[in-house]
Amino acid sequence: MPELPEVETVRRGLTKLVEGSTIKSVDVLYPKMVNLPPKDFENALKGKKIDRIDRRGKYLLIRLSDHLTIVSHLRMEGKYDVELDGAPLDKHTHVVFHLTDGRELRYNDTRKFGRMNLVDTGTEMSVAGLKTIGPEPTEQALTLDYMTAIFKKSRKVIKPFLLDQSNIAGLGNIYADEVLWLSKINPKQPVNSLKPAQIKRLRKNIITEIQMAIDGHGTTVHSYSTAYGEAGNFQNHLNVYGKQGEPCPRCGTKIVKIKLAQRGTHYCPKCQPLRGEKHE
DNA sequence: CCATCTGTTGACTG
DNA sequence: TCAGTCAACAGATG
């Protein structure tokens, strides 16, 4: 699933369904999914209560009693699901949390990329990825001063720069393409070549686009069954992602798709021209 | 069958 | 420090 809006949607769904529940036992069906030997992971969680679900960037922080936190990253296709005890297991269920009320919280992940780290609450910043995570894409956390500073000191091209979670937390491949289109910035533009007005516009678009996507319960592409919570509907608001060959909603030019830093990248060649000395 | 795609990120290379 | 490549893994698509 996850970019930030999708993870936030999962967080809200999980909160509704399992906040306050107590874990009776845990089955780890795919050992590589967790950071501890499976038996240790299972034993440590027995009898713990789910106090709250937090989020940082694309990471879920499942807060448990006795100062424990599960740091859960869904990567490409991780999903949580709640079933009644004993319902047939999905082929791709890798961790089952049996609850004391007769339900099961299950973690499903077709590609097995997701990871869960069980840590003491307060030490979650030691988990790789959270160590260096950048500010949340919000009005308060993502200040213009910060944006200006990081953009000034890097010569990287902007698309991969936006995907780097240590710069800004939560943007993934879809929203990176979308905010660049909204801001009329070419994905290959070096970040230190952006004008102050462009940085300002980009910041604004990042903040509002992420918020609008959260309000729309995230984006659902392909025919993934929605993890949880409400079905996303933000896919109806996408302007360039997956729209290669279709007319740009702003100028009618055909959207093109290129490969940049190994990721599919969609943009309008007319609205988002590459500026500066470098041409091609 | 084969090549290539996919909402992620961390490790490795030169 | 950085850009490029690959790897984890499974399934869909052409």
Side-chain angles (χ1 to χ4, degrees), chain A residues 1-11 29-35 55-60 71-80 90-94 107-117 126-134 137 150 152-180 187-192 209-210 213-214 216-229 231-245 257-266 278:
Chain A
M1 286 245 338
E3 294 183 43
L4 190 154
E6 293 73 43
V7 178
E8 176 61 18
T9 301
V10 171
R11 188 195 70 77
L29 307 175
Y30 181 71
K32 287 171 73 176
M33 193 71 45
V34 299
N35 67 325
R55 181 191 55 73
R56 179 74 170 91
K58 303 176 189 173
Y59 294 80
L60 289 169
V71 179
S72 171
H73 197 298
L74 308 175
R75 293 288 186 107
M76 295 289 270
E77 299 189 33
K79 300 171 183 61
Y80 282 98
D90 182 277
K91 180 179 174 186
H92 300 293
T93 299
H94 304 306
Y107 179 73
N108 304 310
D109 191 337
T110 307
R111 294 172 73 182
K112 299 180 178 169
F113 283 177
R115 291 292 177 266
M116 287 182 202
N117 288 68
S126 67
V127 173
L130 281 179
K131 240 178 273 191
T132 55
I133 195 163
I150 60 170
K152 191 161 89 179
K153 68 178 189 216
S154 174
R155 285 168 306 157
K156 290 182 184 172
V157 300
I158 188 141
K159 168 74 186 281
F161 187 82
L162 291 180
L163 293 180
D164 184 341
Q165 303 296 299
S166 69
N167 296 134
I168 301 169
L171 290 175
N173 207 37
I174 293 179
Y175 299 115
D177 282 0
E178 292 298 320
V179 298
L180 288 175
K188 288 188 195 170
Q189 196 73 40
V191 301
N192 65 354
E209 181 75 354
I210 291 290
I214 290 174
H217 308 301
T219 298
T220 305
V221 293
H222 307 209
S223 50
Y224 291 143
S225 59
T226 57
Y228 200 158
N233 62 24
F234 198 71
Q235 59 276 15
N236 303 322
H237 299 274
L238 299 181
N239 290 296
V240 283
Y241 183 84
K243 309 284 190 187
Q244 59 273 26
K257 178 178 180 182
I258 60 168
K259 200 83 163 175
L260 199 49
Q262 310 295 104
R263 309 298 304 274
T265 297
H266 314 73
K278 222 170 75 173

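We name chains A, B, ... by the order of the sequence lines, and we start the count at 1 in each one.
In this structure, A:Tyr59 has no side chain to side chain donor-acceptor pair (under 3.5 Å) partners at least two apart in sequence or on a different chain. Annotation: side chain to side chain contact (heavy atoms under 4.5 Å, CB included) contacts of A:Lys32 (sequence neighbours excluded): A:Tyr30. A search for salt bridge (Lys or Arg N to Asp or Glu O under 4.0 Å) contacts involving A:Asp109 returns nothing, not counting sequence neighbours. For A:Glu8, the salt bridge (Lys or Arg N to Asp or Glu O under 4.0 Å) test picks out A:Arg11, A:Arg12, A:Arg55, with sequence neighbours left out. Take A:Asn173 and apply the side chain to side chain donor-acceptor pair (under 3.5 Å) test, not counting sequence neighbours, and it matches A:Lys159. Take A:Ser166 and apply the side chain to side chain contact (heavy atoms under 4.5 Å, CB included) test, not counting sequence neighbours, and it matches A:Thr132, A:Asp164. Shown here are the side chain to side chain donor-acceptor pair (under 3.5 Å) partners of A:Asn117, two or more places apart in sequence or in another chain: there are none. For A:Phe161, the ring-ring contact (aromatic ring centres under 6.0 Å, His included) criterion is met by A:Phe151, not counting sequence neighbours. Residues passing the side chain to side chain donor-acceptor pair (under 3.5 Å) test with A:Gln189 are A:Ser193, sequence neighbours excluded.
Across B:dA11 and C:dC9, the matching P atoms stand 16 Å from one another, rounded to whole Å.
In this structure, A:Phe161 reaches neither bases nor backbone, as no heavy-atom distance under 4.0 Å exists between it and the strands shown. A:Gly264 comes within 4.0 angstrom of sugar-phosphate atoms only, judged by non-hydrogen atoms across all strands, and of no base. Using a 4.0 Å heavy-atom criterion, one finds that A:Tyr30 contacts the sugar-phosphate atoms exclusively. Among the atoms of the strands shown, none is found under 4.0 Å from any heavy atom of A:Lys153. Contact annotation for A:Ala261: no contact, since no heavy-atom pair falls under 4.0 Å across all strands. Residue-level contact check: A:Lys131 touches neither bases nor backbone, having no heavy atom under 4.0 Å from any strand.
Between the P atom of B:dT6 and the CZ atom of A:Arg263 lies a distance of 8 Å, rounded to the nearest Å. Between the CG atom of A:Leu74 and the C1' atom of B:dT6 there is a distance of 16 Å, rounded to whole Å. When the C1' atom of B:dT6 is taken as reference, atom NZ of A:Lys259 falls 9 Å away, rounded to whole Å.
The listed nucleotides are B:dG10, B:dT8, B:dT6; the one nearest the side chain of A:Arg111 is B:dT6.
A side-chain N or O of A:Tyr80 and one of A:Ser72 form a donor-acceptor pair less than 3.5 Å apart.
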Find every protein N or O atom lying less than 3.5 Å from an N or O atom of nucleotides 12-14 of chain B, and list the pairs.
none

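Taken together, the paired segments of DNA chain B that extend over three or more consecutive Watson-Crick or G-U pairs, each closer than 3.5 Å at both contacts, are B:2-6 with C:10-14, B:8-14 with C:2-8.
Mapping heavy-atom proximity under 4.0 Å, the span of DNA chain C touched by chain A runs 5' to 3' from C:dA3 to C:dG11.
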